[in-house]
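Scroll down for the structure; my scribbles are underneath it.
Order of listing sets the numbers, starting from 1, for every ligand and every atom in it. One is the number of the first residue; the rest follow in order along the sequence.
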Amino acid sequence: MALSRIAREVKTSATLAITAKAKQLKAKGVDVIGFGAGEPDFDTPENVKNAAIQAIKDGYTKYTPTSGAPALKEAICEKLLNDNHLKYTPSQVIVSAGAKQSILNIVLVLCDTGDEAIIPTPYWVSYPEMVTMSGATPVFLKTTDREHFKITKESLAKVITPRSKLLFMNSPSNPTGMVYTERELREIVGFAVEKGLYVISDEIYEKILYDDAQHFSPAAFSDECNKKVITINGFSKVYSMTGWRLGYAAGPEEIIKAATNIQDHTTSGANSITQLAGVEALKGNQDSVNKMVREFDRRRKYIVERLNKIKGISCLLPQGAFYAFPKVSDLYKRKIAGQSVMNSFDLVNLLLEKAHIAFVPGAPFGSDEHIRISYATSMENIERGINRFEKFLGG
Ligand SMILES: *Cc1c(COP(=O)(O)O)cnc(C)c1O
């Protein structure tokens with residue numbers, strides 16, 4: 001069959017196979033403890049749900065403008081000003097069916113065949129596939145635990161070529177949980193912009209921060225940065241709204257206009273009801289966010305402490321998001337429960353089949369030495385799961 005270039009080149013989600021297998025086991029009645037969740041285990045706040053119900057009752061059930069309902073775009077501009085020191089008008093904002101769609105729109109607007117897009121590794125699984133769809137080439141910039149999974153101006157300088165068009169930044173990071181300081185961000189993004197690159201700043205975990213970590217939006221650093229940085233954000237993580245599908249991009253009007261043209265002919269505006277719920281999420285009481293972050297913080301400390309006590313495992317303390325990303329490669333090349341484990345897929349598969357714990361391999365995030373453990377699950381599950389993990393490796 002003669003499939004298109006995109007169909008041939010875009011990979012299936014490698015994490016999906018593992019998730020499917022975990023589901024199969026569960027369906028058979030096996031007590032699988034899941035650590036794969038890429039979404040909060042909290043319910044969408046009540047005030048947000050009520051706003052959606054009201055939107056339906058009020059008949060707000062028709063197409064909205066492609067780039068978003070005016071009320072939501074106003075609320076987003078207000079949020080960006082208050083939280084992020086970003087001055088945008090509604091014409092510089094596009095609302096999409098999730099931050100994922102906003103990012104794809106921007107990649108398609110900026111990247112052509114022959115261009116290079118720089119992706120710091122470990123990365124969120126969709127970035128390379130989006131670049132591939134555009135026809136451009138992903139260029140990976142590897143980082144390790146030793147540098148806390150952070151790129152620097154110097155490491156960036158080594159991969160920039162005349163074809164470099166775009167840099168992805170994601171702080172707080174999925175999967176590493178690392179957060180860049182203001183100084184680090186200023187240096188990296190300032191340098192990228194000086195070299196003529198555009199920057200996608202994926203800030204979807206901005207409010208899920210621990211200890212004294214702070215969030216900064218690089219588009220606010222200078223006029224030059226403002227012209228080159230596109231800020232991405234959404235509702236999925238901070239407001240536990242993954243199923244609602246709502247996210248947005250803010251940036252130079254010309255780029256947003258082009259993104260709107262693409263969305264005009266793909267999905268049109270995001271769900272009208274969801275958009276009014278989004279207004280309430282931004283403008284309403286924020287207590288649920290604080291409550292969720294406090295609970296994540298408790299789990300984070302517990303899980304990292306436990307992981308670091310297991311021989312062969314080392315884990316940095318995440319400063320944001322809800323993932324631990326321990327290094328497990330010291331477990332490779334030796335037999336575990338009589339089976340040889342060579343990489344993150346082997347380890348995750350073995351743990352699922354034999355210990356009934358579902359982690360996510362690091363390889364699809366660009367780092368085979370690690371696994372991703374989401375702590376968006378109850379403290380009870382975390383305790384039971386890590387007990388099993390420890391016992392399985394020790395026994
Ligand atoms: C979850 C996630 C997104 C996309 O979220 P949407 O549900 O599409 O809004 C984007 N970037 C990162 C890093 C994520 O983890």
Does one side chain, of [X] or [Y], offer a donor that lies under 3.5 Å from an acceptor on the other?
X	Y	answer
Ser201	Glu203	yes
Thr152	Glu147	no
Tyr239	Gln286	yes
Asn84	Lys79	yes
Asp83	His215	no

Nitrogen or oxygen of Gly38 less than 3.5 angstrom from that of ligand 1: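 In this structure, Gly38 places no N or O atom under 3.5 Å from an N or O of ligand 1.
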
Contact check: Tyr127 vs ligand 1, nitrogen or oxygen atoms, below 3.5 angstrom: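 No.
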
Result of checking Asp41, Asn381, Thr377 against Arg299 for side chain to side chain donor-acceptor pair (under 3.5 Å):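 Only match with Arg299 under side chain to side chain donor-acceptor pair (under 3.5 Å): Asp41.
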
Crowding at CD, Glu182 (>12 non-hydrogen neighbours, <6.0 Å):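 Correct, the count exceeds 12.
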
Leu347 side, atom CG; Phe359 side, atom CZ - distance, nearest 0.5 Å: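 Reported to 0.5 Å precision, the distance equals 8.5 Å.
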
Residue portion contacting ligand 1 (non-hydrogen atoms closer than 4.0 Å) for Gln101: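 No part of Gln101 is near ligand 1 at this cut-off.
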
Part of Ser236 within contact of ligand 1 (heavy atoms, under 4.0 Å):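 Near ligand 1, Ser236 shows its side chain, while the N, CA, C and O stay back.
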
Contact atoms of ligand 1, heavy-atom distance to Arg245 under 4.0 Å: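 Close to Arg245: 6 (P), 7 (O), 8 (O).
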
Proximal ligand 1 atoms for Asp202, defined as those under 4.0 Å from one of its heavy atoms: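 Near Asp202, meaning under 4.0 Å from one of its heavy atoms, ligand 1 has 10 (C), 11 (N), 12 (C), 13 (C).
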
Suppose we measure from [atom] to each protein heavy atom; which comes out shortest, and what is that distance?
atom	answer
atom 15 (O) of ligand 1	Tyr205 OH, 2.7 Å
atom 9 (O) of ligand 1	Ala99 N, 2.7 Å
atom 2 (C) of ligand 1	Lys237 NZ, 2.4 Å
atom 5 (O) of ligand 1	Ile204 CD1, 3.4 Å

Does some non-hydrogen atom of [X] fall short of 4.0 Å from ligand 1?
X	answer
Glu39	no
Gly98	yes
Asn170	yes

Ring geometry between Phe296 and Phe322 (parallel below 30°, tilted from 30 to 60°, perpendicular above 60°):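 Ring orientation of Phe322 relative to Phe296: tilted.
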
